[in-house]
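Single-structure report; data block below.
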Amino acid sequence: AKMKEERAEIQASRSRLDTLRAAVAHAHPQGYLLPNWSVESVAHLHPLPNADEIVVELHPSERVSLTKADIKNDKRKRNLWYELRTSDTVIVFVHGFLSNSYDSWHDKSSGAFWPDLVRGDVVTDHASIFLGGYEADYASTDYGIADCANELRAGLMNGGWQSVLSRKRIVFVAHSLGGVVVRYMLERFQSEFAGKRVGLFLVASPSMGSGLASTLSTFSGAYGRKLANQLRRNSDALSELDRRFRTMREKPGFSLCGL
């Protein structure tokens, strides 16, 4: 009887390990199993009533932490955790037009990297940091503001229980086009931010259009550069977004503060 119990316990342990691997593979936003995860990371493992699903709650023993070199080495990286902590506060950096998650936030003269400054600040050192993004290349002919917002939103949703949208306090730091994209996303998907405290810090983000985009749109007509056309000065797209965003801010129950 004792051997039977031991075999059952071994089988149960293997089952827990398989469940853990499957859950992490499905839910972890970075797409890989971190070395600090183990079977002991399973806090609760139980079947749902009248269902075949199993609820697994995982708790990392250490935080996820990248460096600016990780981002510099592959500037195509976007929508990933730069610093993942257990806090309910997350700071989301969103890059600008014709840029990426490294160049937008790296100061060439000093070498400072904004996400690192936030990570080392005594006020914000408890917050997680997420590098949000979208396709911002000028060669993206039919990619518009809505497409950028949809890509950013997908990144914020990725990871299930570990996603940005699972946090109660979300602060967006957005540069240039990033501010337009964030405002579009907040207005278009208001219900997904209901009940959360949302902060919005805009850096050189145009409300009435960009001079650079106006210049680019001059050359874009023959090539269909949708994004540059939408960002030109006094464009209908930006005027309409500004109107809708102002209306949203006046609605009760939506908590938004900004600089």
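Closest non-hydrogen pair, Met157 versus Ser163, comes out as O-CB, 3.4 Å. Nearest heavy-atom pair across Leu117 and Ala112 is CD1-CB, 4.3 Å. In terms of heavy atoms, Arg119 sits closest to Ser65 at NH1-OG, 2.9 Å. Residue Ile170 comes nearest to Val164 through the heavy atom pair CD1-O, 3.7 Å, listed as atom of the first residue, atom of the second, then distance. In terms of heavy-atom proximity, Ala174 sits nearest to Trp105 at C-CH2, 4.0 Å. For Ser128 against Arg85, the heavy-atom pair with the smallest separation is OG-N, 2.7 Å.
Taking 4.5 Å as the limit, some side-chain heavy atom of Leu165 sits within range of a side-chain heavy atom of Phe193. With contacts defined as side-chain heavy-atom distances shorter than 4.5 Å, the pair Leu84/Gln162 qualifies.
Partner Tyr82 forms a ring pair (Phe, Tyr, Trp, His ring centres under 6.0 Å) with one of Phe130, Tyr102, Phe113, Trp114 and no other, that one being Phe113. Applying side-chain hydrogen bond (donor to acceptor under 3.5 Å, both in side chains) to Thr89 and the options Lys168, Arg167, Arg169 leaves one that passes, Arg169.
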query = Going through the checks in order, is the side chain to side chain contact (heavy atoms under 4.5 Å, CB included) test met by Leu131 and Ile71?
reply = CA-CA 10 Å; Leu131 302 181; Ile71 309 303; 3.6 Å; yes

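Taken to the nearest 0.5 Å, the CZ atom of Arg76 stands 11.0 Å off from the CD atom of Glu135. In this structure, OG1 in Thr247 is found 11.0 Å from CZ in Arg249, a value given to the nearest 0.5 Å.
Residues Ser239 and Asp242 bring no donor and acceptor atom of their side chains to less than 3.5 Å of each other.
Heavy atoms of other residues, nucleotides or ligands lying less than 6.0 angstrom from CG of Asp107 number more than 12.
When atom types are taken as modelled, the side chain of Glu240 and the backbone of Ala237 share no donor-acceptor pair closer than 3.5 angstrom.
Less than 6.0 angstrom separates the ring centroid of Tyr134 from the ring centroid of His95.
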